[in-house]
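One-based numbering, in listed order, for ligands and for the atoms of each. In this text, all values refer to a predicted model and were calculated from it rather than measured experimentally.
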Amino acid sequence: MLEKARNKIAVNLQCPSQGIYFSSSATEAANILIHGRLSYLKTIGSKKNKILISSLEHSCVYNTTQYYKKNGYEVLNIPCDRNGIIDLNFLRKYVSTDTAIVCVMGVNNEIGTIQDINNIGQIIKENSPDCFFICDVVQQIGKIPYKIDCQYVDSFFFSGHKIGGPKGIGAFYVNDNFRLLPKYFGGGHEKNYRSGTVNVEGACLLSGALELAQLNIKENLSFIDSLNKSLLKLLVKNNIRFKKIIPNKYSSPYICSIAIEQISSKYLQKRLSEKDVCVARHSACLNRTKKQSRIINAIKLDKDSAESMIRLSYSIENTVDEIHDFVNILSQIISEKTSRNGSKKQH
Ligand code: PLP
């Protein structure tokens, strides 16, 4: 069953099945890949001591590489423009034979920006063929049609619960031209990359969810796109003053970040949640901390928009009626707030 699940993933992502491994999450996969490669390079006495990451990475990559920054590695953030597209000239300039790893995510989870990871991989390989390129494709696979080219992308990882599978299962791909040392020592499961009894049910459900998502990828995408566009139209129709943080052209329609003018995101999130509408202020992972989002800093969003930015993320289970309900609730909250502000001024 495990091998069938592995094959199903390989067939659906068009990559070699012997390169697919299971983990408990995307976070664990990122750790296995980053620690594994750097430990291997260390044991062979490699002088590669530079790591490049996009300035939009999820904390599973960011915090892991920060650990190496504290331990003698040079970690460079690849800058991006206002739409979140990374600077390819920076890559051309800084990827060199002393670069151990480059990490760039396919789709960002806070603002939805999509990167062309094959093109990025090609640039990396032109500068340094043995630089290990890792891609976080958690928000991409099963959602955005894109054939990952394993000639340029050496490894990628993803997670079950983002594509309709269960929580607690992830998977990753590694090109077997690249050697990695194990992060965990034990019974040698998953070719020694992830010792510990494999979650077979999780692996089967993940591969099934991926198959289904890939099968319906275009229909689902056009449905989500229509939900997103109708939301934006309804906001305009209801005279709600807002700014879409990333233009549709550059972002996944599954993630819609907007700033509602003059309403703080903290207030809005609280009021919406009282009405059973769940929106994020930025990624769920950061909501537990008080820190300003790195992603918002990276795209140099103006202060007012940053303070009023909320993130909506759609699922194929959402409905057009829910979009209407959301806009009605939002209008009501805004008009209550404006009339309260108005009456305050009168006193
Ligand atoms: N990368 C991205 C882009 C994500 O959105 C998430 C989850 O929110 C992760 C990584 C981490 O996934 P997991 O919870 O499976 O570790």
Side-chain angles (χ1 to χ4, degrees), residues 9 20-36 53-67 78 80 84-86 101-115 117 120 133-144 146 148 153 155-173 183-184 190 193-194 196 198-199 201-203 205-207 209-210 213 224 245-246 250-257 278-289 293-296 298-299 311-315:
I9 291 176
I20 301 285
Y21 304 93
F22 292 103
S23 61
S24 66
S25 60
T27 300
E28 188 185 46
N31 275 269
I32 292 171
L33 293 167
I34 297 170
H35 292 304
I53 66 164
S54 89
S55 43
L56 303 172
E57 292 307 295
H58 184 272
S59 46
C60 65
V61 165
Y62 178 77
N63 287 337
T64 310
T65 53
Q66 283 304 104
Y67 166 82
I78 310 163
C80 62
I85 302 293
I86 66 158
I101 291 179
V102 177
C103 304
V104 179
M105 69 200 317
V107 173
N108 176 266
N109 49 306
E110 282 186 46
I111 53 174
T113 302
I114 305 174
Q115 315 284 343
I117 51 175
I120 292 168
F133 181 33
I134 307 176
C135 294
D136 171 342
V137 292
V138 169
Q139 300 282 351
Q140 182 165 26
I141 60 147
K143 293 183 174 173
I144 308 291
Y146 189 85
I148 301 172
V153 177
S155 67
F156 58 81
F157 61 87
F158 54 98
S159 196
H161 65 284
K162 299 292 177 193
I163 49 169
K167 291 180 180 177
I169 184 78
F172 57 99
Y173 163 82
K183 174 166 163 52
Y184 305 105
E190 296 299 283
Y193 283 136
R194 204 265 181 188
V198 185
N199 174 358
E201 302 92 307
L205 290 167
L206 165 65
S207 67
L210 177 67
I224 297 291
I245 305 298
I246 307 293
Y250 301 107
S251 70
S252 160
Y254 282 85
I255 296 163
C256 175
S257 285
C278 302
V279 300
R281 283 171 55 213
H282 29 68
S283 90
C285 325
L286 261 171
N287 272 353
R288 276 174 237 119
T289 72
S293 153
R294 282 181 288 107
I295 313 314
I296 288 174
I299 59 168
R311 183 194 60 169
L312 311 163
S313 42
Y314 308 104
S315 125

For ligand 1, find out whether one of its N or O atoms is nearer than 3.5 Å to an N or O atom of Gln139.
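Checking ligand 1 against Gln139, an N or O pair does fall under 3.5 Å apart.
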Below the 3.5 angstrom mark, is there an N/O of Val107, backbone or side chain, next to an N/O of ligand 1?
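Looking only at distances, the answer is no, because the N/O contact criterion of under 3.5 Å is not met.
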Can you tell which part of [X] has a heavy atom less than 4.0 Å from ligand 1: side chain, backbone, both or neither?
X	value
Thr27	both
Ser159	side chain
Lys162	side chain

Tyr21 and Tyr193 aromatic ring geometry - parallel, tilted or perpendicular at 30°/60° bounds
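Ring orientation, 0 to 90° scale: perpendicular.
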About how many Å separate SG of Cys135 and CD1 of Ile120, when rounded to the nearest 0.5 Å?
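Between atom CD1 of Ile120 and atom SG of Cys135 there are 7.0 Å.
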Under 3.5 Å, side chain of Gln115 to main-chain N/O of Val104, donor-acceptor pair present?
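Not confirmed, Gln115 side chain does not pair with Val104 backbone.
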Any donor-acceptor N/O pair, Asn108 side chain to Leu56 backbone, under 3.5 Å
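At least one qualifying donor-acceptor pair exists.
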side-chain contact (heavy atoms from CB on, under 4.5 Å), paired with Ile134, selected from Ile53, Val153, Leu33:
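Passing option: Leu33.
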[X] heavy atoms, cut-off 4.0 Å: which ligand 1 atoms fall inside?
X	result
Cys60	10 (C)
Ala26	11 (C), 12 (O), 13 (P), 15 (O), 16 (O)
Met105	3 (C)
Asp136	1 (N), 2 (C), 3 (C), 10 (C)

What pairs meet the side chain to side chain donor-acceptor pair (under 3.5 Å) rule with one or both residues in residues 158-168, with sequence neighbours excluded?
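Of all non-adjacent pairs touching residues 158-168, those that pass side chain to side chain donor-acceptor pair (under 3.5 Å) are Ser159-His161.
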Heavy-atom nearest neighbour of atom 4 (C) of ligand 1 within options Glu57, His58, Lys167
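Closest candidate by heavy-atom distance is His58.
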Any side-chain donor near an acceptor of the partner, Glu110 and Ser293, under 3.5 Å:
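Present: a donor and an acceptor within the cut-off.
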